[in-house]
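What follows is a short report on a single structure.
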Amino acid sequence: MADCLFCQIASGAIPADIVHQDDDVVAFRDIDPQAPHHVLVIPRRHIEAVRDATGPEGEQLVGRLMAAAAAIATDLGLDERGYRLVSNTGVDGGQSVFHLHVHILGGRPMKWPPG
Ligand code: DGP
């Protein structure tokens, strides 16, 4: 989508600190990190949020995102201590960029409940 920030990052039109990319998924460091490691994992295909990833294709895409997030967390050395995966959805969920993404947060202990 032409006016979508994350589509533009995925296409390379807007620069980002990319840590992984393949045919389906791009991962890059968050511009406003909330933990020592804060990476966003997005599908190349524009989908607004996880609630829109419906049907077999949507399920496959969410599976790819989660598997990629886990593999990237391993590459970042986060397996031993652990990490958090978050997908903020909609206004009450705290979503500010309306292109599906999974946050990988790691490198410090996480608190619960979240704000
Ligand atoms: P959310 O609030 O869950 O929709 O997360 C959106 C995240 O996107 C937020 O943590 C900040 C990050 N972000 C916003 N603009 C940019 C940008 O231009 N580059 C990068 N790398 N991250 C961005």
Side-chain angles (χ1 to χ4, degrees):
M1 226 171 81
D3 60 350
C4 169
L5 172 64
F6 285 179
C7 284
Q8 289 175 288
I9 288 177
S11 73
I14 290 179
D17 184 358
I18 290 176
V19 299
H20 169 85
Q21 56 184 322
D22 58 42
D23 287 349
D24 303 318
V25 166
V26 181
F28 50 94
R29 292 197 177 273
D30 195 291
I31 204 167
D32 182 23
Q34 302 300 312
H37 291 289
H38 188 172
V39 169
L40 302 172
V41 187
I42 69 168
R44 286 191 184 275
R45 193 176 125 211
H46 183 87
I47 293 183
E48 189 171 301
V50 71
R51 64 174 169 233
D52 303 304
T54 54
E57 262 187 47
E59 282 183 20
Q60 192 180 20
L61 188 143
V62 170
R64 280 285 294 121
L65 271 193
M66 294 302 273
I72 292 161
T74 298
D75 290 346
L76 294 172
L78 297 175
D79 278 343
E80 191 181 337
R81 292 283 305 170
Y83 53 89
R84 182 170 291 173
L85 302 181
V86 176
S87 188
N88 297 326
T89 302
V91 174
D92 276 2
Q95 187 174 9
S96 61
V97 177
F98 293 89
H99 178 126
L100 173 60
H101 50 283
V102 174
H103 296 254
I104 305 171
L105 295 150
R108 67 166 171 84
M110 298 293 145
K111 294 194 173 80
W112 194 262

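Residue numbers run from 1 in the order of the sequence given. Order of appearance sets the numbers: ligands from 1, and atoms from 1 within every ligand. Please read all numbers here as calculations on a predicted model, not as lab measurements. These values consider heavy atoms only, across backbone and side chains, with no hydrogens, waters or symmetry-generated copies.
Residue contacts with ligand 1, taken as heavy atom pairs separated by less than 4.0 Å, involve Ile9 solely via side-chain atoms from C-beta onward. Residue contacts with ligand 1, taken as heavy atom pairs separated by less than 4.0 Å, do not involve Val86 at all. At a 4.0 Å heavy-atom cut-off, ligand 1 does not touch Asp32 at all. By the criterion of a heavy-atom distance under 4.0 Å, neither the backbone nor the side chain of Phe98 is placed next to ligand 1.
Nearest protein heavy-atom neighbour of atom 15 (N) of ligand 1: Leu5 CD2, 3.3 Å. The single protein non-hydrogen atom nearest to atom 23 (C) of ligand 1 is Ile31 CG2, 3.4 Å, given as residue, atom name and distance. Closest to atom 11 (C) of ligand 1 among all protein heavy atoms lies Asp30 OD1, 3.3 Å. The shortest contact between atom 21 (N) of ligand 1 and any protein heavy atom is with Arg29 O, 2.9 Å. If you check which protein heavy atom lies closest to atom 2 (O) of ligand 1, you get Ser96 OG, 2.7 Å. Regarding atom 5 (O) of ligand 1, its nearest protein heavy-atom neighbour is His101 NE2, 3.0 Å.
The backbone N or O of Pro109 sits nowhere less than 3.5 Å from a side-chain atom of Arg81 that would complete a donor-acceptor pair. Using a distance-only test at 3.5 Å, with no hydrogens or angles considered, a donor-acceptor pair links the side chain of Arg108 to the main chain of Gln34.
Every N/O-N/O distance between Leu40 and ligand 1 stays at or above 3.5 Å. Close N/O approach between Ala16 and ligand 1 is not found [any backbone or side-chain N/O within under 3.5 Å]. Ligand 1 has an N or O atom lying under 3.5 Å from an N or O atom of Val97, backbone or side chain.
Near His103, with a cut-off below 4.0 Å to any heavy atom, the atoms of ligand 1 are 1 (P), 3 (O), 5 (O), 10 (O). Ligand-side atoms of ligand 1 in range of Phe6: 8 (O), range being under 4.0 angstrom from any heavy atom.
Ligand 1 does not have Gln34 within reach: every non-hydrogen atom of the residue lies 4.0 Å or more from it.
One hydrophobic cluster, built from ILVMFWY side chains closer than 4.5 Å, holds both Val25 and Leu76. The hydrophobic clustering, which links ILVMFWY residues whose side-chain heavy atoms are closer than 4.5 Å, places Leu40 and Leu100 apart.
Ring pair His99/His101: centre-to-centre distance not below 6.0 Å.
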